[in-house]
Amino acid sequence: MVRRMSEPKPVILSGIQPSGHLAIGNYLGALKNWVELQDRYDCIFLVVDLHALTVRQVPAELRRRCLSFAAQYIACGIDPEKSAIAIQSHVPQHAELGWVLNTITYMGELNRMTQFKDKSARHNQNINVGLFSYPVLMAADILLYQADLVPVGADQKQHLELTRDVAQRFNNLYSPTFTVPEAFIPKVGARIMSLQDPTKKMSKSDDVEGNYISLLDPPNVITRKIKRAVTDSGTEVRFDEGSAGLANLITMYSVLSGLDIPAVEAHFAGKMYGHLKVELAELTVETLRPVQAEYARLMEDSAYLDGILARGAEDCRGRARKTLSKVYRKVGLVPAAR
Ligand code: TYM
């Protein structure tokens, strides 16, 4: 499709929960793609703090983590001059639209969400209503901005499908209101696995530090974690789904280097797993070195960061208000007198 200069760019919306430590899985599955897409799209990237409340948080840590995550977005290459960066709770319309969408989403649909099942098994002392209706808030995040595309890792596919169903349902019940969004899931890197247990997805809030690489891990820690990553006892560097640990390391190397999988195999032909681990550690350290330097600089300049978040929230509120007032009108709520 040829887009004329005067046509607005399509909209991208994505977000990350400020829980645990931003990990290389989040970077390879989502953030890296955000950076690559931001020139061609009108982008909004959120720190979704309301979502993080579905799991118990230490308030002071959550507050600090929200700012830290925003700084990491920028340090990874999100340019605040091109993209809006905002904290979800600074835009009250998310929760407001979430409520309306709750009323057209069925319990049966939410019961099927695999992430709810996983998380409620992990936090069985706190299976709260927010955890259950979390995908509805996520749908609100996306639909509020009429997003065309949502770049996420594979684990969010089911939530995106629900978002599309809810958008279509609303459009059919009332009249066309929401853009029905598409997921953007990378072909390689959409599901980075845990380093110690490669049958499990890498999670930023894992209790075991050796399972993930934080974007802020120092070089010696990154090297140690990769060296200790679990693989089988083979030697040849060949991609095979059956050899999950090795396949994961090859995948990480592929996305970080920009080489496709056959090219990575060719690069390591005749070499052993140990070579792959050494080179992957070097590549990860070198990729994260400038990110960490920029992050340290940003965290020293809280006025700059606050300014970006204030501007981002202002921009988001303006857009969100438009969608929400349309929605309120269509469902029959009386407009407030101005
Ligand atoms: P969250 O915070 O768990 O993860 C943030 C992003 O990182 C991706 N991701 C991964 N990608 C590859 N390998 C992994 N091991 C891996 N782990 C996580 C996730 O797919 C995601 O893209 N519900 C969302 C946050 C959210 C959201 C939204 C996303 C709330 N509202 C609106 C997009 C649009 C979540 O919990 O992601």
Side-chain angles (χ1 to χ4, degrees), residues 14 16 21-40 72 75-78 149-157 183-204 206 210-217 219 221-292:
S14 200
I16 300 181
H21 304 266
L22 253 183
I24 198 83
N26 305 114
Y27 177 73
L28 299 177
L31 250 170
K32 187 171 185 293
N33 297 315
W34 299 1
V35 175
E36 284 160 18
L37 292 163
Q38 68 180 339
D39 287 323
R40 286 181 285 131
Q72 288 177 73
C76 283
I78 301 300
L149 201 65
V150 184
V152 284
D155 61 340
Q156 298 301 318
K157 189 165 179 263
F184 176 100
I185 297 174
K187 287 202 179 65
V188 183
R191 191 172 164 81
I192 299 296
M193 309 309 278
S194 154
L195 297 177
Q196 290 299 314
D197 179 1
T199 60
K200 256 184 21 189
K201 149 190 114 149
M202 182 183 286
S203 161
K204 62 173 143 50
D206 201 309
N211 281 342
Y212 63 89
I213 293 171
S214 154
L215 300 190
L216 302 178
D217 274 344
V221 173
I222 295 174
T223 306
R224 191 179 62 228
K225 287 181 178 175
I226 293 179
K227 225 179 234 170
R228 292 188 184 164
V230 168
T231 49
D232 56 53
S233 56
T235 50
E236 202 189 353
V237 179
R238 274 213 151 271
F239 188 92
D240 172 6
E241 301 276 2
S243 181
L246 177 66
N248 192 38
L249 299 181
I250 294 178
T251 300
M252 287 167 66
Y253 192 92
S254 165
V255 188
L256 285 167
S257 66
L259 297 173
D260 62 17
I261 304 267
V264 176
E265 288 173 338
H267 177 76
F268 288 103
K271 295 189 182 155
M272 318 271 275
Y273 289 6
H275 292 104
L276 169 64
K277 286 186 169 180
V278 169
E279 283 199 37
L280 176 60
E282 282 168 5
L283 190 55
T284 310
V285 166
E286 290 317 314
T287 304
L288 295 181
R289 196 186 297 284
V291 171
Q292 295 181 356

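Nothing fancy with the numbering, it's 1 onward along the sequence. Computed over heavy atoms, backbone and side chain alike; hydrogens, waters and symmetry mates excluded.
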| request: List for me each residue that meets ring-ring contact (aromatic ring centres under 6.0 Å, His included) alongside Phe268, sequence neighbours excluded, and say none if there are none. | output: Tyr253

| Minimum heavy-atom separation for Gln196 to Gly210, with atom names? | CG-O, 3.7 Å

| said: Which residues pass the side-chain hydrogen bond (donor to acceptor under 3.5 Å, both in side chains) test with Glu282, not counting sequence neighbours? | reply: none

| query | Tell me, do Leu249 and Val237 make a side-chain contact under 4.5 Å, heavy atoms counted? | reply | no

| query | Roughly how far, to the nearest 0.5 Å, is the CG atom of Leu280 from the NE2 atom of His275? | reply | 14.0 Å

Less than 3.5 Å apart, which donor and acceptor atoms pair up between the side chains of residues 224-231 and the rest of the protein, not counting sequence neighbours?
from   : atom 1 : to     : atom 2 : distance (Å)
Lys225 : NZ     : Glu209 : O      : 3.2
Lys225 : NZ     : Tyr212 : O      : 3.0
Lys225 : NZ     : Asp217 : OD2    : 2.6

| field | CD on Gln72 to CD1 on Ile78, rounded to 0.5 Å | value | 12.5 Å

| task | Indicate the atoms forming the closest heavy-atom contact of Met193 with Lys201, along with that distance. | result | CE-N, 3.9 Å

| task | State, with a plain yes or no, whether a side-chain heavy atom of Leu28 is found less than 4.5 Å away from one of Thr251. | result | no

| task | Could you tell me whether the side chain of Ser14 and the main chain of Pro151 form a donor-acceptor pair under 3.5 Å? | result | yes

| remark: Tightest non-hydrogen contact, residues Pro198 and Ala244, listed as O-CB, 3.7 Å

| message | Applying side-chain contact (heavy atoms from CB on, under 4.5 Å), can you list everything that pairs with Ala247, at least two apart in sequence or on another chain? | response | Phe239

| query | Rounded to the nearest 0.5 Å, how far does CD of Glu241 lie from CG of Leu246? | reply | 11.5 Å

| What are the two closest non-hydrogen atoms of Cys76 and Leu215, and how far apart are they? | SG-CD1, 3.8 Å

| query | Side chains of Gln156 and Val150: does their closest heavy-atom pair fall under 4.5 Å? | reply | no

| Heavy-atom closest pair, residues Ala190 and Ile185 | CB-CG2, 3.5 Å

| note | Taken to the nearest 0.5 Å, the spacing of Leu216 CG from His21 NE2 works out to 9.0 Å

| message | Please enumerate all residues that pass side-chain contact (heavy atoms from CB on, under 4.5 Å) together with Asp232, with sequence neighbours excluded. | response | Ser243, Tyr273

| message | Evaluate Leu195 against Met202 for side chain to side chain contact (heavy atoms under 4.5 Å, CB included), listing each step before the verdict. | response | CA-CA 7 Å; Leu195 297 177; Met202 182 183 286; 4.1 Å; yes

| said: For the CD1 atom of Ile213 and the OH atom of Tyr27, what is their distance to the nearest 0.5 Å? | reply: 13.0 Å

| said: Rounded at 0.5 Å granularity, tell me how far NZ in Lys271 sits from CD in Glu279. | reply: 5.5 Å

| query | Does Ala23 offer a backbone N or O that forms a donor-acceptor pair with the side chain of Asn26 under 3.5 Å? | reply | yes

| Any donor-acceptor pair under 3.5 Å from Ser254 side chain to Ile250 backbone | no

| query | So do Ile16 and Leu31 actually touch side chain to side chain, heavy atoms under 4.5 Å? | reply | yes

| Atom of Pro290, atom of Thr287 and distance for their closest heavy-atom approach | CD-O, 3.5 Å

| request: Count the heavy atoms belonging to other residues, nucleotides or ligands that lie under 6.0 Å from NZ of Lys157, then report whether that count exceeds 12. | output: no

| field | Residue pairs, two or more places apart or on separate chains, that pass salt bridge (charged side-chain N to carboxylate O under 4.0 Å, His left out) and touch residues 250-266 | value | Arg238-Glu265

